[in-house]
Protein chains: 2
Amino acid sequence: MLEGNGSEGGTGTLGKALALLDLVVASDRPLRFTDILALSPQPRGTLHRQLSHLVEEGLLSLRADLTYEPGLRLLKFAARAWSGNQFRVIAEPYLHRLHEEAGETVHLGVLRGQEVIYLDKVESRQTVRMQSQIGNASPVYCTGLGKAALSALPVEVLEETIAGLSFQKFTAHTLTDGQSLKRDLDEARRVGHAFDREEHEAEIRCVAAPIHAPGLSFVGGISVTGPAYRVTMAQLENWAPAVRRIAAGISEEAALKLGPGR
Amino acid sequence: MLEGNGSEGGTGTLGKALALLDLVVASDRPLRFTDILALSPQPRGTLHRQLSHLVEEGLLSLRADLTYEPGLRLLKFAARAWSGNQFRVIAEPYLHRLHEEAGETVHLGVLRGQEVIYLDKVESRQTVRMQSQIGNASPVYCTGLGKAALSALPVEVLEETIAGLSFQKFTAHTLTDGQSLKRDLDEARRVGHAFDREEHEAEIRCVAAPIHAPGLSFVGGISVTGPAYRVTMAQLENWAPAVRRIAAGISEEAALKLGPGR
DNA sequence: TAGAACAGTTCCATTATTCGGAACTTAGTC
DNA sequence: GACTAAGTTCCGAATAATGGAACTGTTCTA
């Protein structure tokens with residue numbers, strides 16, 4: 001489950017195709033051929049053929065107004081990737097247990113390069129649509145989950161990861177340099193959990209603990225998140241032991257079932 | 001959004017890679033190199049390199065026990081494909097309205113080749129996990145949504161689609177030949193909605209209406225689904241007008257916003 | 001513990017695909 | 001109706017994929 005940072009240009013035919021797919025799918029507005037041409041390093045002929053291939057394969061879809069949109073085959077792939085994910089399956093009951101204890105939204109995520117990918121979520125009311133987060137990627141340096149996961153990383157990998165970060169200030173509290181982040185991670189490593197003090201979104205706080213174990217090829221985490229008016233820092237401190245305990249439980253079971261021996 | 005049937009072997013390098021990805025991701029048990037070798041037409045050297053590429057790109061992930069599992073990058077792609085899907089966004093408020101009227105689970109789906117892909121779902125209680133269905137593919141011939149969508153297809157395309165079907169008997173009520181299906185579709189076309197009379201799953205019934213309009217490059221549908229003990233056929237008949245009305249509303253707005261002119 | 005069988009990986013000359021500049025077609029403008 | 005821009009097609013050259021065979025490591029078995 002450990003993977004590269006994903007930002008490399010794209011080696012081989014497959015890599016180029018996926019880099020292009022990324023470009024189109026990540027855009028927030030519909031792109032036409034010329035728009036994509038401007039964003040891509042490829043010459044026209046090449047780009048056109050690559051797009052045709054993506055459309056042929058159902059990864060993109062060419063609309064009547066000549067804009068490209070993500071294809072349905074992506075959803076099909078993801079549905080199976082999600083429901084078949086062993087780690088998620090193992091963690092699921094733990095997430096519910098934690099949600100019962102805390103009463104606020106619980107997240108499960110794993111570290112992938114410079115990002116945290118959300119794998120699952122348990123919440124009480126559906127104020128926000130449930131799936132909205134699943135599969136989403138968030139920056140590591142300003143989310144509780146991200147920092148918890150980072151705190152579990154071996155030093156060399158951590159240094160490399162931090163060196164590759166480009167910080168963006170989301171709120172007044174966002175950490176925007178490697179030094180502050182490292183200090184925060186030292187603290188997280190010491191106490192066993194990490195906080196998000198309204199660093200990613202204003203009025204949103206969270207406490208998270210890392211999931212990792214020898215023999216586990218990846219690093220992840222769980223978190224409890226809530227709005228600042230309901231969730232004080234003191235409240236987060238209260239939840240922290242439970243979060244750590246549940247994370248440890250998941251780590252143990254995952255290492256047992258996903259580890260090298262069997 | 002209209003796409004090929006997806007079952008073709010895979011032309012070009014990308015096609016071959018995706019056919020392989022399909023094979024691995026679709027499997028319900030973890031596959032090792034040799035297992036995949038047995039399932040794939042490729043020779044060893046080729047297969048090995050292709051798998052390496054998929055792993056490098058994050059579409060697959062090689063676990064410590066040498067089995068391959070779906071990669072996290074698939075989830076990332078899908079999250080954006082889902083949240084950015086214009087058709088889904090347009091339909092969302094309509095789904096909620098229908099859910100309020102009927103009180104049972106509402107689905108939104110589109111036809112892709114021989115399958116229905118579920119795009120969204122609104123339900124009251126989270127007895128079944130929400131995302132479980134999103135992105136899932138179901139056969140067209142035994143789901144209300146599938147039959148509703150088929151009923152909106154032009155005759156030539158319909159004939160072709162039916163000709164390509166391979167029927168599987170899921171329950172005692174599953175239609176298992178083109179003739180019965182066509183009769184059912186004639187009826188659906190006449191009344192404007194289609195039923196699933198426990199044809200896909202025992203004790204599950206549903207009523208669905210097609211979403212389509214001139215200028216819309218795809219065909220879809222919405223449905224109301226419920227357990228047989230709570231949802232009689234008479235009840236489905238009661239809901240049918242509402243389902244048709246909501247479907248018509250989505251068709252109209254989608255044609256307006258997604259159609260060729262702007 | 002040797003040795004056989006198997007699983008996984010690497011190598012490299014051959015072959016097939018992709019590349020990309022340029023020509024071509026279509027749609028929209030003045 | 002000429003002009004401009006967007007989108008598409010073509011084809012020799014460049015590149016990447018192919019797949020048989022050799023290699024390495026691991027697991028049975030006698």
Side-chain angles (χ1 to χ4, degrees), chain A residues 1-4 8-24 27 29-69 71 215 217 259-262, chain B residues 1-4 8-24 27 29-69 71 215 217 259-262:
Chain A
M1 215 183 259
L2 197 63
E3 276 135 21
E8 59 266 25
T11 327
T13 308
L14 180 61
K16 289 171 205 163
L18 291 173
L20 179 56
L21 182 61
D22 236 335
L23 197 154
V24 176
S27 166
R29 74 197 166 91
L31 297 177
R32 286 204 320 246
F33 179 78
T34 318
D35 303 321
I36 303 172
L37 184 60
L39 294 169
S40 158
Q42 308 289 12
R44 281 164 54 158
T46 304
L47 183 67
H48 192 265
R49 184 180 30 75
Q50 288 177 335
L51 285 170
S52 306
H53 284 165
L54 288 172
V55 170
E56 240 170 67
E57 291 300 332
L59 301 183
L60 283 182
S61 159
L62 182 53
R63 291 182 26 181
D65 65 355
L66 297 182
T67 62
Y68 291 85
E69 66 177 4
S217 61
R262 180 107 337 252
Chain B
M1 214 182 255
L2 199 64
E3 275 134 21
E8 59 269 22
T11 327
T13 308
L14 180 61
K16 289 172 206 162
L18 291 174
L20 179 56
L21 182 61
D22 237 335
L23 196 155
V24 176
S27 166
R29 72 196 168 89
L31 298 177
R32 286 200 321 230
F33 179 79
T34 318
D35 303 321
I36 303 172
L37 185 60
L39 294 170
S40 158
Q42 309 287 13
R44 277 152 74 134
T46 304
L47 183 67
H48 191 265
R49 185 180 30 75
Q50 288 177 334
L51 285 170
S52 305
H53 284 163
L54 289 172
V55 170
E56 240 170 68
E57 291 300 332
L59 301 182
L60 284 181
S61 158
L62 182 53
R63 291 182 25 180
D65 65 354
L66 298 182
T67 61
Y68 290 86
E69 68 178 2
S217 62
R262 181 101 337 243

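The sequence lines fix the lettering, A, B, ..., with proteins before strands; numbering per chain opens at 1.
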Notebook entry, point to check: Which is it for A:L14 and B:T13 under the side chain to side chain contact (heavy atoms under 4.5 Å, CB included) test, yes or no, and what are the steps along the way?
Noted result: CA-CA 7 Å; A:L14 180 61; B:T13 308; 5.8 Å; no

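Side-chain nitrogen and oxygen atoms of B:Q50 include at least one within less than 4.0 Å of the OP1 or OP2 phosphate oxygen of D:dT18. Taking 4.0 angstrom as the limit, B:H48 places a side-chain polar atom (N or O) nearer than this to OP1 or OP2 of C:dT9. A close approach under 4.0 Å does not occur between any side-chain nitrogen or oxygen of A:T46 and OP1 or OP2 of C:dC19. In this model, the phosphate group of C:dC19 is not approached by any side-chain N or O of A:Q42 to a distance below 4.0 Å at OP1 or OP2.
Atom CZ of B:F33 and atom C1' of D:dT27 are 18 Å apart (whole Å). At whole-Å resolution of the value, CZ in A:R49 and P in D:dG7 are 18 Å apart. Regarding B:H53, its NE2 atom lies at a distance of 14 Å from the P atom of C:dT9, rounded to whole Å. Whole-Å rounding puts the A:R63 CZ to D:dG7 C1' distance at 17 Å. The nearest whole Å value for the distance from the NZ atom in A:K16 to the C1' atom in C:dT17 is 11 Å. Straight-line distance from the CG atom of B:D35 to the C1' atom of C:dC6: 13 Å, rounded to whole Å. Atom CG of A:L37 and atom P of C:dG21 are 12 Å apart (whole Å). In this structure, B:L20 atom CG and D:dG19 atom P are separated by 13 Å, rounded to whole Å.
Residue B:L66 is in sugar-phosphate contact alone, with no base atom involved, counting any heavy-atom pair closer than 4.0 Å across all strands shown.
One finds the CG atom of B:L51 at 4.5 Å from the OH atom of B:Y68 (value rounded to the nearest 0.5 Å).
For B:T34, the listed nucleotide lying nearest its side chain is C:dG8; candidates were C:dG8, D:dG19, C:dT18. Closest to the side chain of B:P43, out of D:dG20, C:dG8, D:dT8, is D:dG20. Closest to the A:R32 side chain, of the nucleotides C:dG8, D:dG7, D:dT18, is D:dG7. For A:T13, taking side-chain heavy atoms from C-beta onward, the closest of the listed nucleotides D:dG7, C:dA7, C:dT18 is C:dT18. Which of C:dT18, D:dG19, D:dA22 sits closest to the side chain of B:R44 comes down to D:dA22.
Counting heavy atoms from C-beta outward, A:R29 and A:D35 have side chains that approach closer than 4.5 Å. At a threshold of 4.5 Å between non-hydrogen side-chain atoms, the residues A:Q42 and A:L20 do not count as touching. Residues B:L31 and B:L39 are in side-chain contact: their nearest non-hydrogen atoms beyond the backbone lie under 4.5 Å apart.
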